[in-house]
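Below is one structure; the comments refer to it alone.
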Amino acid sequence: MQLTQSSGPVTVLDSKALERALTRICYEIVERNEGLGQLVIVGIRTRGAYLARRMALKLSSLSDVDVPVSELDITLYRDDLDPNEHRERPQNPVVSDNNVPTNLAGKTVVLVDDVLFTGRTVRAALDALVDTGRPDRILLAVMVDRGHRELPIRADFVGKNIPTSLNEAVDVHVTEVDGEDAVTIRKVASR
């Protein structure tokens, strides 16, 4: 998708398309897991947590099993928390309480994030999750896979693959935070 310097964000998924992608991911999860009794959905804060809550509700309605959902704050696990770098990271990060169950033995965890880009957020989430407990299996679900991996990480469930350039950003908007459901691409300064 070609964006011009002066163009604003371009919508690639509207609310209905985002909802369909989320539903499809849930059906794929059901197909890959015999029964959902051992499934735990864990969303990466912020937007991944909201997507995870929606997925847990859909999965519970599809299977007549109450699928637990929790959220994970990965702030202190990020490898880009360097005070010498000038990134948009807090100088003294504050970690909110995670509500991930401590006994994950025998569980399959579906880790949920909004956008898969370099893989560094997912790596941090895996570290945080394993520090919480040791599940039997961890699967990754993302709304958007935009490519440009720096680590050998891939998603098991993808809402939409959107090839991008490094001077584009993909934003997943959720009603709970942004007032609307959508996926947009916008132009940013070169990386």
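If you're wondering where the values come from, they're calculated on a predicted model, not measured in any experiment.
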Pairwise side-chain contact, [X] with [Y], heavy-atom cut-off 4.5 Å (strictly under):
{"X": "V144", "Y": "V172", "result": "yes"}
{"X": "V174", "Y": "E180", "result": "no"}
{"X": "L140", "Y": "V122", "result": "yes"}
{"X": "V112", "Y": "I44", "result": "no"}
{"X": "V110", "Y": "V40", "result": "no"}
{"X": "R149", "Y": "D145", "result": "yes"}
{"X": "T11", "Y": "L13", "result": "no"}

Could you work out, with salt bridge (Lys or Arg N to Asp or Glu O under 4.0 Å) as the rule, every residue matching [X], not counting sequence neighbours?
{"X": "R146", "value": "none"}
{"X": "D178", "value": "R47"}
{"X": "D14", "value": "none"}

If the condition is side chain to side chain donor-acceptor pair (under 3.5 Å), which residues does [X] pass it with, not counting sequence neighbours?
{"X": "D171", "result": "R186"}
{"X": "R137", "result": "N33"}
{"X": "D131", "result": "Y77"}
{"X": "R20", "result": "none"}

*Just do the side chain to side chain contact (heavy atoms under 4.5 Å, CB included) check on V142 and D114 with the steps written out, would you?*
CA-CA 5 Å; V142 297; D114 55 351; over 6 Å; no
Pair up each side-chain donor or acceptor in residues 62-69 with any protein partner under 3.5 Å, not counting sequence neighbours, and list the distances.
unit_1 : atom_1 : unit_2 : atom_2 : d
S63    : OG     : L59    : O      : 2.8
S63    : OG     : V65    : N      : 3.3

*What residues, two or more places apart in sequence or in another chain, satisfy side chain to side chain contact (heavy atoms under 4.5 Å, CB included) together with R32?*
L139, D156, F157
_Which residues pass the side chain to side chain contact (heavy atoms under 4.5 Å, CB included) test with A21, not counting sequence neighbours?_
R24, M143
Enter the distance from [X]:[atom1] to [Y]:[atom2] here, rounded to the nearest 0.5 Å.
{"X": "L51", "Y": "D113", "atom1": "CG", "atom2": "CG", "result": "8.5 Å"}
{"X": "L151", "Y": "I153", "atom1": "CG", "atom2": "CD1", "result": "5.0 Å"}
{"X": "L72", "Y": "L111", "atom1": "CG", "atom2": "CG", "result": "7.0 Å"}
{"X": "D73", "Y": "R78", "atom1": "CG", "atom2": "CZ", "result": "10.5 Å"}

*Taking all non-hydrogen atoms of both residues, which atom of A52 and which atom of V42 are closest, and how far apart?*
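Smallest interatomic distance, heavy atoms only, reads CB-C, 4.2 Å.
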*Hey, any chance L57 and M55 share a hydrophobic cluster, counting ILVMFWY side chains that come within less than 4.5 Å of each other, even indirectly?*
no
*When you look at H148 and T118, which way does the side chain to side chain contact (heavy atoms under 4.5 Å, CB included) test go after all the steps?*
CA-CA 6 Å; H148 303 288; T118 62; 5.5 Å; no
*asked:* Using modelled atom types and a 3.5 Å cut-off, is there a donor and acceptor pairing between side-chain atoms of H173 and backbone atoms of T184?
replied: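 Not at all, since once roles are kept as given, no pair shorter than 3.5 Å links the two residues.
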*Before accepting this row, confirm whether a basic side-chain N of the pair R120/E150 lies closer than 4.0 Å to the acidic partner's carboxylate O.*
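Answer for the salt bridge query: yes.
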_Residue among D136, L129, V130 satisfying side chain to side chain contact (heavy atoms under 4.5 Å, CB included) with L104_ = L129
*Kindly state each residue pair satisfying salt bridge (charged side-chain N to carboxylate O under 4.0 Å, His left out) with at least one member in residues 53-62, sequence neighbours excluded.*
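Only E19-K58, R53-E71, R54-E176, R54-D181 qualify under salt bridge (charged side-chain N to carboxylate O under 4.0 Å, His left out).
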